[in-house]
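All remarks here apply to the structure that follows.
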Amino acid sequence: MVTDVEISPREAEVLELVGAHLSNAEIAARLCISVRTVESHVSSLLRKLEVPDRRALAQRAPEPTGAGPSHPAPVLPAPLTSFIGRESERAELTEMIKAHRQVTAVGPGGVGKTRLALAAATEAAGEYSDGVWFVDLVPVTDPGMIATAVAGALGLGEQPGRHLTESVVAALADRHALLVLDNCEHVVDGVALFLERLLATCPRLTVLATSRARLMVPFERVYPVPPLSLTVDGESDAVALFMERVAAVGRPLDPPLRDQIAAICARLDGMALAIELAAARYPTLGLDGITAALSHPLRMLTGGSRADERHRSVRGALDWSHALLEPADRALLRRVSVFVAPFTAAAAAEVAGSEDGIVADGLARLAEQSLLVVTASPGGTEYRALETIRQYATERLAEAGELADTRSRHLRWCLAKAAGLAVARQDWRARFDLVANDLRATLVWAAEQPEQRADAYDLARRLAELTFTRNLIGESQGRYEQAAALATDPAAAASMLRQAAAVAGCRMHGDDMDRLHRAAADAARRSGDTAGAARDLATAAANAYRFSGKFVRKLPRQEAIALITQARELAGDDPAAQAAVALAEAGQALADAMGAAQGPDDNGVPVTIARAERSVELAHRTGDPLAESAALDTLACAQSWAGDTFAAADTARRRITLLSSTPDTPACIQELIEALGEVTEAGLGAGDLPGARRWARQLADHPLLAEVGHRATGWLLVADAFAGNLDEVRTGSVRFLDAWQRDGSPARSVLGPPAAAVATIHGLCDDQDARREWSAVLNQLDPSPGNTYGYGAVFDAMLLLHRGQAPQALERLAPEPGEVWQWVTWIWLHWYVALRAEAAVLAGSAGARDRVAEARTVVAGNPVATAIVERAQALLDNDRERLLATVDAFDTAGCRYQSLRTLVLAGGDHAGRGAAALADLGFAPMASAATPMMTSER
């Protein structure tokens, strides 16, 4: 770690994880802190280590533990060296960004916009409590990727169900921050649309942009960046820059030469880049040589506006600097201009079509002439051209007639890199991030070249796969759709559209799933694959039932029936198509049955179960684990709806077994995430707390859910609350609440159970402020009957019984399960019935014995619920030995809280031990009124 900068232990942890290319949400989950806290640490590190952006910060991170000796990686330097002069300009621009919400520093290429903007941002940084964030838009070749670039700088990953633009807006909505967008001119329309949304919804955000043209957005104030001063009170910023750059290479100039230098700077119109290039030539040409070299091209700089002259002065400097290069170095400069991201000598050799050693020498010479910037990185030396020079070299590439050949070599290099990444394991994220912008840029070019269509298709497909693995799932869906559009074979197009539909499912975009499956069906029909078209249409109908929560537009019943009918007609005798149709039919039957009545009717149950079982049988015959998993999902839902808790749990576990060895494709991952949620819920309902916690942990740790911690941790919070794991609930609740708030605090009933679980845990710890906070969250999340009669009643009863308020607990559970069937079925039935029996006993209810007997029949086979009922029976019979026997039952079932509660209920010395253990875990004392007198041994 850097020794001359004081970095706290927590900042060091954050820095190491930034170096591993984790997003802020992933870092927060790893360190069990909030995303806001991570953002504060990152902002602090940027200031302390004096680096411009997250990429540079990642390069200051130590090597991960176990990767060898820890040492600081070199920092990514600023584009040029020290900042010279411009005191008045820096002050003016600083005051403008303090006074206005959006300022654009405008000027021609090479005038020094970026350096001035960075200097002003540094000057103003102290005014922004939430930091300054820098985004270089040079690598962004698609206006639709602007939000991706900004999100990467902010450390945001993509949240399923939300566009990255929305994530950026949400992250900056209440921030007092400065966002610097550099080099906007080539994507100005995209930047304008993005900023209009950002500025309208983030009232405390200031944006400083640099561009060759104004952005034309609301709130914009334009600051024209002038050239460096030639003479101000006898001083000249232009001369100072020239002299400093010459001195930097060990050739300081004598002050008497200032007049000659001033004349050179005047010829160059004070343009910073042109002066840099001229100064780089001093060691070989001297001042006389530079003057002579500039004289000829500058004769063309007469006439026209001053701004045009400045453009031409930079071009003139580039022209003569280029002319002085050896022919091989000229060729190398123009050929490496196709790289939009930093590149290595080996990469340059492949694209330039030359030997590594020759290219390495040429790159060094270009760097000596300030035509390339050298960057030391952990992976080796990297090079890049400033954007003005890159654009100039690209023009030269076209003039030389080498553009197509060089871009083709760059395309082949990108394809090879993409193929290598597909099998890479070590440092995968960092390796992808290094080349991602080149992959995107070359795809933009290749997609427009008819002769490159096959390679463009291949690259789009590979980029879709890579971005999915990188959790850039919005881009992944778009790349799959792009690949489908580039495919010459309709069958390949159908395959890509199916993949896109699966990614849309992972993104929680049901409407896109529907659109893409229908498009896949059309492509399949064009290819002559009617069975494939039947599968796509049937899948579209089935998804409307299976994933209804992902849809904005609910698929009308008649439209779904029409899809199924069409699929049935096309299916023929194809087994996979028949299985898909059977799944859709089972989903329709289940949806009809569940929506028909408050509780299951005798006729609906067998018909629905039969349809689901037939769907499973047909899917199993195909040998496709995804098809069988989808059918098992419908069967488990039907079994749960029918009240068969254990059958539903068994079916859910079968899904996990099926999916345990499937590859990490979008379709497999979508299915696995759904299956993990279902098996966790089913395990909780059946009283398998260890299994539920194990599956819930897999769900919470899944990379695709890293940015949506409230969805990732929800069922783990419920499982830990039932088990009595206080520390785990407190830790997990931070991630849940933080992510939910970052998501805009949506009202979603599926998030109600974890909020109720956390509120109950705080109640059991007698933390009333925290309980009130979480109760408010719960009421905002879910005001539905499920909260009133289902899980809400279960968790409220647990707390009331702990407080010794058995009559109130009994009243909270007063409705018979059949009366509120729809709200207590699935995972709550056994908990509801068991706690109801215990509340009746502790409240001294006249019907307690009947209540216990009924409950025993219902919960038989559920280890936790059975132990609760057995404890209630022992309390009713005043049987201490039988009561204490349930302690082992609770421990075996992984329910520590209920085990210790039993000791307290047993009285005597047992109560003392139980109370002490509960206190050690952080629970508040159980109220004495909850402990019946155990006066005799049985």
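Minimum interatomic distance between Ala58 and His21 (heavy atoms only, all atoms of both residues): CB-NE2, 4.4 Å. Here the closest non-hydrogen pair linking Leu154 and Asn24 is O-ND2, 2.7 Å. When all heavy atoms of Ala464 and Ser476 are compared, the closest pair comes out as O-OG, 2.8 Å. Ile473 and Pro160 get closest at one heavy-atom pair: CD1-CG, 4.1 Å. Scanning all heavy atoms of the two residues, the minimum distance from Glu220 to Leu215 falls at OE2-N, 2.8 Å. Of all heavy-atom pairs between Leu164 and Glu158, the closest is CD2-CA, 4.0 Å.
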Query - Arg730/Asp727 under salt bridge (Lys or Arg N to Asp or Glu O under 4.0 Å): CA gap, chis, key distance, verdict - result: CA-CA 5 Å; Arg730 287 170 174 155; Asp727 289 342; 3.7 Å; yes
Requested in this report: Please lay out, stage by stage, how Gln477 and Arg507 fare under the test side-chain hydrogen bond (donor to acceptor under 3.5 Å, both in side chains).
Outcome: CA-CA 9 Å; Gln477 179 185 325; Arg507 297 180 66 213; 2.8 Å; yes
Requested in this report: Please lay out, stage by stage, how Leu179 and Leu208 fare under the test side chain to side chain contact (heavy atoms under 4.5 Å, CB included).
Outcome: CA-CA 6 Å; Leu179 178 64; Leu208 171 60; over 6 Å; no
Query raised in the report: How far apart are the C-alpha atoms of Trp133 and Leu46, what are their side-chain angles, what is the distance that settles it, and do they pass the side chain to side chain contact (heavy atoms under 4.5 Å, CB included) test?
Result: CA-CA 9 Å; Trp133 306 94; Leu46 288 169; 3.5 Å; yes
Requested in this report: Kindly determine whether Tyr897 and Leu764 satisfy side chain to side chain contact (heavy atoms under 4.5 Å, CB included), including the steps that lead there.
Outcome: CA-CA 10 Å; Tyr897 166 72; Leu764 292 173; 3.8 Å; yes
Query raised in the report: For Arg162 and Val708, what are the C-alpha separation, side-chain angles and deciding distance, and is it a side chain to side chain contact (heavy atoms under 4.5 Å, CB included)?
Result: CA-CA 10 Å; Arg162 169 184 270 183; Val708 283; over 6 Å; no
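In this structure, CZ in Phe736 is found 7.0 Å from NE2 in His710, a value given to the nearest 0.5 Å. In this structure, Glu387 CD and Asp136 CG are separated by 8.0 Å, a value rounded to the nearest 0.5 Å. To the nearest 0.5 Å, atom CZ of residue Phe219 and atom CG of residue Leu205 are 11.0 Å apart. Leu439 contributes atom CG, which lies 7.0 Å from atom CG of Leu466 (distance to the nearest 0.5 angstrom). Atom SG of Cys414 and atom CG of Asp438 lie 5.5 Å apart (nearest 0.5 Å). For the atom pair Leu137 CG and Phe194 CZ, the distance stands at 9.0 Å (nearest 0.5 Å).
Formation of a donor-acceptor pair under 3.5 Å by the Asp53 side chain with backbone atoms of Ala56 is found in this model. Counting only distance, with no hydrogens or angles, the side chain of Thr344 and the backbone of Ala347 share a donor-acceptor pair below 3.5 Å. Asp142 places a side-chain N or O within donor-acceptor distance of the main-chain N or O of Gly144, the cut-off being under 3.5 Å. In terms of modelled atom types and a separation under 3.5 Å, the side chain of Asn779 and the main chain of Ser775 share a donor-acceptor contact. Side-chain atoms of Lys48 come within 3.5 Å of backbone N or O of Glu6 as a donor-acceptor pair. Checking side-chain atoms of Glu26 against main-chain N and O of Ala706 turns up no donor-acceptor pair under 3.5 Å.
For the residue pair Asp766/Gln768, the side-chain donor-acceptor check at 3.5 Å is satisfied. With hydrogens and angles left out, the side-chain atoms of Gln102 and Thr104 include a donor and acceptor closer than 3.5 Å. Donor-acceptor pairing under 3.5 Å is lacking for the side chains of Arg90 and Thr94. Ser43 and Ser40 form no side-chain donor-acceptor contact under 3.5 Å, judged by distance and modelled atom types alone. Counting only N and O atoms by type, the side chains of Ser44 and Glu11 include a donor and acceptor under 3.5 Å apart.
Using a 4.0 Å cut-off between a side-chain N of Lys or Arg and a carboxylate O of Asp or Glu, Glu382 and Arg55 qualify as a salt bridge. One finds no salt bridge joining Arg115 and Asp182 here, because no Lys/Arg side-chain nitrogen approaches an Asp/Glu carboxylate oxygen to under 4.0 Å. Between Arg697 and Glu728, no side-chain nitrogen of the basic residue sits less than 4.0 Å from a carboxylate oxygen of the acidic one, so the salt-bridge criterion is not met. Ion pairing between Arg30 and Glu13 fails under the 4.0 Å rule for side-chain N and carboxylate O. Between Arg771 and Asp767, none of the side-chain N atoms (NZ, or NE/NH1/NH2) sits under 4.0 Å from a carboxylate O, so this pair counts as no salt bridge. Under a 4.0 Å N-O distance rule, the pair Asp769/Arg772 qualifies as a salt bridge. A salt bridge is defined here as a Lys NZ or Arg NE, NH1 or NH2 lying under 4.0 Å from an Asp or Glu carboxylate O, and Glu674 with Lys550 meets this definition.
Residues Leu716 and Leu699 form no side-chain contact, since every pair of their non-hydrogen atoms from C-beta on lies 4.5 Å or further apart.
Under the side-chain hydrogen bond (donor to acceptor under 3.5 Å, both in side chains) criterion, Asp720 pairs with Arg693, Asn725, not counting sequence neighbours. For Phe795, the ring-ring contact (aromatic ring centres under 6.0 Å, His included) partners two or more places apart in sequence, or in a different chain, are Phe722.
Within 6.0 Å of CG on Asp664 lie no more than 12 heavy atoms contributed by other residues, nucleotides or ligands. Heavy-atom contacts from other residues, nucleotides or ligands closer than 6.0 Å to NZ of Lys417 number 12 or fewer.
Applying the side chain to side chain donor-acceptor pair (under 3.5 Å) test to every pair with at least one member in residues 463-475, sequence neighbours left out, gives these pairs: Asp433-Arg470, Arg440-Glu475, Arg461-Glu465, Glu475-Arg479.
Trp428 and Phe432 have their aromatic ring centers within a separation under 6.0 angstrom.
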